[in-house]
Amino acid sequence: MVTIETLKKRKSRRFSSDRIKVFLFLIPAAVLLLVFLVIPIFQCLYYSLFNWNGMGPAEDFIGIINYKKIISDNVFLRALGNTFAIVGLSLFVQLPLALFLAIMIGRGIKGRAFYRTVFFLPYVLSETITAVMWRILYNPDPSRGFINAVFQAFGWKMQDWLGNMNLVLFSIFIVLTWKYIGFHMLLYITGLQNIPRDVEEAALIDGVNKRQMLTYITLPLLGGTIRTSAYLSVLGSLQVYAIVWIMTKGGPVNASEVLSTYMYRFSFVRFQLGYGAAVAIVMLIISLIFSVTYMSITRRTEHIA
Amino acid sequence: MKKILTLTLVAVFMVSMLLMGTSCKGAEEEPAAPAEEPAAEEPAPEEKEPVTITWWHIQTEESQKAYWQDLADRFMDANPHVTIEITVMENENFKAKMTTVMQTGEVPDLFQSWGGGTMNAQVEAGLLKDITDKLAEDGFADTISPGALGVYSYNGRNYGVPRDMGMVGIFYNTELFDKAGVTAPIATWADLLEAVDKFNAAGITPIAEAAGDKWPAAFSWEYLVTRIGGQAAFDAAANTRTGSFTDEPFVQAGYKLLELVDADAYQDGFLAATWGDAATIMGNGEAAMNCMGQWGPGSYRENSADGKGIDDKLGWFPFPMVEGGAGNPNDALGGGNGFVVGKDAPDEAVDFLKFMLTVEEQDKQTELGMGVPVVKGATVEDPILLQIIEGRDKAEYLQLYYDQYLPPAMGSVVNDIVQGIMAKAMTPEEACQMLEDSAVENIGPRK
């Protein structure tokens, strides 16, 4: 008994001195986090309860009216729909395409470093440069816009890429895919390289064909990478901003409005900062819900696997 | 999990950052009513206290920037006790910076302003200084074009001065007019529609429009309201609130605009076009007309393929009159640049503004292409500029662009709805209802 007691004491003493050290080392980071992340979020929450134009102190307390207005605003619903459309397209078009590219050039192919560089290059460009460049490419006048010039040369019907309200979101999605496909491709290539050769060889000896190899060997072993890339893709899509704002400002007539441009419009174009803060909180909640659900789902599947 | 939190929190990080500044401010700020500031004129002491004037302007162009510096240097030489500290900012940076400055309440002594709703909101927040009395000294206020000075007043008190004030009108390409057999000026709406048909028949884009940037397109709608309803309609809707934005002139203006859309008056893709895009077409001589403010010709030059634009074949006439409209054909829509005075500015700041606005200095500013002079008797040689000044001074009702005049929240709605009408995403009635809803929220209910 005595020995155990002293052991415990000794242990706890060491523990407490450790704890102080840990605490001391954490202070700078914690302060930064508190000042620049935690407090602002609560301030944002606070301001979202006011009708406030950003000038002078916020005084006109209106409770949750901002949130009620958000939910009943058709433009917000449109922005939400567009954002989810981009999320969906990214998941079900962009990622499979990236995977396809990765499998095509991941191994063996001649000049694969070249292809890898070409597909990855757009990711290195800043979003602003990408958006400005594509604005020029999309110019409806064939003497200035390259894409319509090609269409004209082939005798196809020229399109008003960014001015047609039914086409604009698709046009923007092409740019997003062009820019981000290389990044996901690179993730998959790395994932593919980590699949042990002997597993595949064993499967080959067992006589699998190419399709079976893909569905039973490659994809399951790539699971972790796919989960990461899907996660990054969804969060990125939820927050897409610069490309949309520079190319269309969410227009024409909100046809390409997404959550972040909606938030920006109300905060810094219309100067309804209280309302903008409420939109920011809604975005935060959506991202949080997604993250938490996604984590719990993927963790569960990991257990099953 | 921590990573996710970080990622999501970053999304709201920027917004929150901007909001931070205000937290500790409420307590220390007294309800500062600029009008109540002791304007006591003490007898000038022998030795003048040294004062510093902070001045923010947005003229980044080399020669204009140098001119402002030179002006400040000369003022400091003449007034040794004054130091002027200049901060030069690019337009968009300036606007972004102002949003934070407005919250801290630490405004510069002199800064760029376009007058109107934004300035009014600054006055309401107690950030500007009433300089009406100081301007009236020595009859200085009378040397400035009254319409222009009025843009910098709120409830009859002046908080700043204009240095440039022009009006929106139709710039046109004389060569293309000759080619299509259209005679300028186009005086009525019916003539305009007829001209559009002639241009289309001749294979020429009638009008260069920039509905992607919204505000250029909004000019046409605002002018139509001015022509159809006159000052009375806008006053009733925006100022006295005895009327509303759903009144007939506002709706009618929308339908008139649709007549142009239906007549195929604009270039392909005008809905997504930026002002730069429209200026390119105009500068390259590919479109016949453009409804724009006094800065039009400069932008045509800058955006044209050869960098020269169409200076030699450029003409200007006022916006056409709508038949049967209640407005006066001389009424004008306009705006320009000026400086407002911060709440803690010394009197010398106003003296400096007076120093800036002499005939001699305004002539120098005109020469540098800094805008349309506002001081009476300033020398102007450019024929288009002369027409614009004449038009501006002839106007009994000079309406500041709606997006500047109305509260910031409403100004943006005006721009949005005009794009909506042109895209046929909303009817003029629906569009005007949206604007009215915003007016109820930002100005007050209809009386």
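First the proteins, then the strands, lettered A, B, ... as listed; each starts at 1.
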Check whether more than 12 heavy atoms from other residues, nucleotides or ligands sit under 6.0 Å from atom CZ of A:Phe146, and answer yes or no.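 Counting neighbours around CZ of A:Phe146, 12 or fewer heavy atoms of other residues, nucleotides or ligands fall under 6.0 Å, so no.
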More than 12 non-hydrogen atoms from neighbouring residues, nucleotides or ligands closer than 6.0 Å to CG on A:Asp73, yes or no?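 Yes, the 6.0 Å shell around CG holds more than 12 heavy atoms from other groups.
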Indicate the atoms forming the closest heavy-atom contact of [X] with [Y], along with that distance.
X	Y	answer
B:Gly269	A:Asp160	CA-OD2, 3.1 Å
A:Met165	B:Ala425	CE-CB, 3.9 Å
A:Lys249	B:Asp213	NZ-OD1, 3.6 Å
B:Leu271	A:Gly163	CD1-O, 3.8 Å
A:Val253	B:Gln419	N-OE1, 2.9 Å

Just how far is it from atom [atom1] of [X] to atom [atom2] of [Y], taken to the nearest 0.5 Å?
X	Y	atom1	atom2	value
A:Asn254	B:Met426	CG	CE	7.0 Å
B:Asp268	A:Asn139	CG	CG	10.5 Å
B:Ser412	A:Phe266	OG	CZ	7.5 Å

Part of [X] within contact of chain A (heavy atom distance under 4.5 Å):
X	value
B:Asn284	side chain
B:Asn415	neither
B:Thr280	side chain
B:Val413	both
B:Lys214	side chain

Taking salt bridge (Lys or Arg N to Asp or Glu O under 4.0 Å) as the test, write out the residues that go with A:Lys69, two or more places apart.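 Residues passing salt bridge (Lys or Arg N to Asp or Glu O under 4.0 Å) with A:Lys69: B:Glu441.
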Could you check whether A:Arg135 pairs with B:Asp277 (Lys NZ or Arg NE/NH1/NH2 to Asp/Glu carboxylate O, under 4.0 Å)?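 Salt bridge between A:Arg135 and B:Asp277, a charged N being under 4.0 Å from a carboxylate O: yes.
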Using 4.0 Å as the upper bound for N to carboxylate O, is an ion pair formed by B:Asp416 and A:Arg270?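 Counted as a salt bridge, because a side-chain N and a carboxylate O are separated by less than 4.0 Å.
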